[in-house]
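Below is one structure, written out as structure tokens; the observations come after it.
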Amino acid sequence: MRDEEMNAPATGTGIAAEMLHWYDRNARDLPWRIPPGDAQTPDPYRIWLSEVMLQQTTVAAVKDYFHRFTARWPTVADLAAADDGAVMGEWAGLGYYARARNLLKCARVVTQAHGGQFPDSYDGLLALPGIGPYTAAAISAIAFDQPETVLDGNVERVMARLYDIHTPLPAAKPALRDRAAQLTPAHRPGDYAQAVMDLGATICTPKSPACGICPLREPCAARQAGTANDLPRKTPKNPKPTRHGTIYLAQRTDGAWLLERRPDKGLLGGMLGWPGSDWGENAVQAPPIDADWVTLPAEVRHTFTHFHLVLTVRYAEVPPETVPRQGVFVAAHDFRPSDLPTVMRKAFDLWRGA
DNA sequence: CAGTCGTGGTC
DNA sequence: TGACCAAGACT
């Protein structure tokens, strides 16, 4: 390499080459990843599953779920054949439950309309349920080594710093996408995509980035300007209101619990939960069944993306013949608290005294 | 387009 | 301790 090139790493090809060089020595060992240099071909099913799980979710949180899903459903056809309730139960605790509903929809489309093979193109992937611009680019790049540009929170942060872009998100997104697209190499685009995301996750972190050991420290404009820690800028978020509600834990004398399957649309859609009131300013609703209700001495507090929730929990033991107005009784041996979304499990733990 | 949609970790 | 944050999608 000529000195001129050595001193001009701010070119697109120079930066991509630097990224790949760094990735070859620093790629994280992840359950869904084929290490750089390995002759194996990625399994599109595993790449797809991991990418959906990783949407707005940390690697640490995903790992165990990924292992359980792939052990129980090794192929997309296996997943397509699964019961809805089994998939929702296995997803419980991971959050953003629309992902699980779309996951199952997608598995069935791929199995029934695509012969069990994922499309290898960005457009083909984008047409599938639960696959948006980021995930379509990620799967086509990582699983099929197509030169698509991934733009996630990591890449946005790396680009904002590398080019010292001060426009706040989400307005800056088109500019950041342009920069990212310019850097995407034709050679090893899958490894490059993972390299940028690894860099954002381990070096170019949101707070206190490790600029000293960053492979892009020389071309990075924000590091030179001293603005790296303040980028990317973001438009401030709205404050979270607090909502209130009441949920009812009814246990039959034979041990069965009164539960309901929540409607597919909306909060915790498709998940199992305790029947109860709506959550609002001052939600009041008749209990789902006539009983001698006891209000637990503590409340459940839980924070969702856009509001805080305070739940009053009431408990009652009811005789076997009682017919509920809401929900269905689930036999004790069929009830697994791990099937519940976290806020519902908190209520159960509160009753149990955990 | 801006609101909706979870959760656990971090500082 | 509360606010921010994470490999976004959907409406």
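A note on names: the letters A, B, ... follow the listed sequences, proteins ahead of strands, and every chain is numbered from 1. It should be emphasised that the depicted structure is a prediction, and the values quoted were computed from it without experimental measurement.
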*asked:* Please pick, from dG6(B), dA7(C), dA6(C), the nucleotide with the shortest atom-to-atom distance to any side-chain atom of Thr58(A).
replied: dA6(C)
*asked:* I want to verify a distance call: between dT7(B), dG8(C), dC5(C), whose nearest atom is closest to the Pro206(A) side chain?
replied: dC5(C)
_From the set dA7(C), dG3(B), dA9(C), return the single nucleotide nearest to any side-chain atom of Asn238(A)._
dG3(B)
*Thr57(A) vs dA7(C): side-chain N/O to OP1/OP2 distance below 4.0 Å*: no
*C1' atoms of dT1(C) and dC5(C), separation to the nearest Å*: 16 Å
*Please work out which of the three classes, parallel, tilted or perpendicular, describes the rings of Trp48(A) and Tyr45(A), given edges at 30° and 60°.*
tilted
*Using the P atom on both, measure dC5(B) against dA7(C) and round to a whole Å.*
23 Å
*Quick one: does Tyr23(A)'s side chain get under 4.5 Å of Asp198(A)'s, heavy atoms only?*
yes
*Between Pro232(A) and Gly130(A), just flag the one whose closest nucleotide in DNA chain C comes earlier from the 5' side.*
Pro232(A)
*Phosphate OP1/OP2 of dG8(B): any Arg345(A) side-chain N/O under 4.0 Å*: yes
*Between CG on residue Leu296(A) and CZ on residue Arg314(A), distance to nearest 0.5 Å*: 10.0 Å
*Name the closest nucleotide to the Met197(A) side chain, picking from dA7(C), dG6(B), dT4(B).*
dA7(C)
*How is Gly269(A) classified with respect to the nucleic acid when contacts are heavy atoms under 4.0 Å: base, sugar-phosphate, or nothing?*
nothing
_Interatomic distance where NZ belongs to Lys105(A) and P belongs to dC10(C) [whole Å]_ = 9 Å
*Examine the base of dA7(C) for any acceptor or donor lying under 3.5 Å from a partner atom in the side chain of Arg28(A), and report the outcome as yes or no.*
yes
*Does a salt bridge link Arg325(A) with Asp290(A), judged by any charged N lying under 4.0 Å from a carboxylate O?*
yes
*asked:* At 4.0 Å (heavy atoms only), tell me whether Leu151(A) reaches a base, stays on the sugar-phosphate, or touches nothing.
replied: nothing
*Roughly how many Å is it from CG in Leu128(A) to C1' in dA9(C), rounded to a whole number?*
13 Å
*Using heavy atoms to find the nearest nucleotide of DNA chain C for Glu51(A) and Pro129(A) separately, return the residue whose nucleotide is more 5′.*
Glu51(A)
*N or O in side chain of Gln55(A) less than 4.0 angstrom from dG8(C) OP1/OP2*: no
*Find the distance Phe307(A):CZ to dC5(B):C1' and express it as a whole number of Å.*
9 Å
*side-chain N/O His306(A) vs dC5(B) OP1/OP2, d < 4.0 Å*: yes
*asked:* Base, sugar-phosphate or nothing for Arg101(A)? Non-hydrogen atoms, less than 4.0 Å.
replied: nothing
*Please check if the side chain of Arg223(A) supplies one atom and the backbone of Ala228(A) the other of a donor-acceptor pair under 3.5 Å.*
no
*NA contact type, Lys237(A), heavy-atom cut-off 4.0 Å: base, sugar-phosphate, or nothing?*
sugar-phosphate
*Would you kindly give the CH2-to-C1' distance between Trp279(A) and dG6(B), to the nearest whole Å?*
11 Å
*With DNA chain B as reference, determine whether Lys207(A) or Gly93(A) sits nearer its 5' end, using the nearest nucleotide of each.*
Gly93(A)
*Taking OP1 and OP2 of dA6(C), is either one under 4.0 Å from a side-chain nitrogen or oxygen of Arg157(A)?*
yes
*asked:* Would you say Thr342(A) places a side-chain N or O within less than 4.0 Å of OP1 or OP2 belonging to dT7(B)?
replied: yes
*Please confirm whether any donor atom in the side chain of Tyr96(A) sits under 3.5 Å from an acceptor in the base of dG6(B), or the reverse.*
yes
*asked:* Salt bridge or not between Arg188(A) and Asp191(A)? Use side-chain N to carboxylate O under 4.0 Å.
replied: yes
*Tell me what Leu268(A) touches on the nucleic acid: a base, only sugar-phosphate, or nothing, going by heavy atoms under 4.0 Å.*
sugar-phosphate
*Out of dT7(B), dG8(C), dC5(C), whichever nucleotide has its closest atom nearest the side chain of Lys234(A)*: dC5(C)
*Would you mind classifying the nucleic acid contact of Arg33(A) as base, sugar-phosphate or nothing, using non-hydrogen atoms under 4.0 angstrom?*
base
*Taking the side chain from Thr184(A) and the backbone from Gln182(A), do they hold a donor-acceptor pair closer than 3.5 Å?*
no
*Tell me: CG of Leu169(A) to P of dC4(C), nearest whole Å?*
15 Å
*What is the distance, rounded to the nearest whole Å, between atom CD of Glu156(A) and atom P of dG8(C)?*
8 Å
*Quick one: sort the Phe335(A) and Phe348(A) rings into parallel, tilted or perpendicular, breaks at 30° and 60°.*
perpendicular
_In whole Å, I'd like the distance from the CG atom of Asn229(A) to the C1' atom of dC5(C)._
14 Å
*Across the strands shown, which category fits Trp32(A) at heavy-atom distances under 4.0 angstrom: base, sugar-phosphate, nothing?*
base
_Nearest-Å distance once atom P is located in both dG8(B) and dA9(C)_ = 22 Å
*Could you work out the separation of dA6(C) and dC1(B) based on their C1' atoms and round it to a whole Å?*
23 Å
_So Ser50(A), base contact, sugar-phosphate only, or nothing? Heavy-atom distance under 4.0 Å._
nothing
*Starting at CE of Met53(A) and ending at P of dA6(C), how long is that distance when rounded to a whole Å?*
21 Å
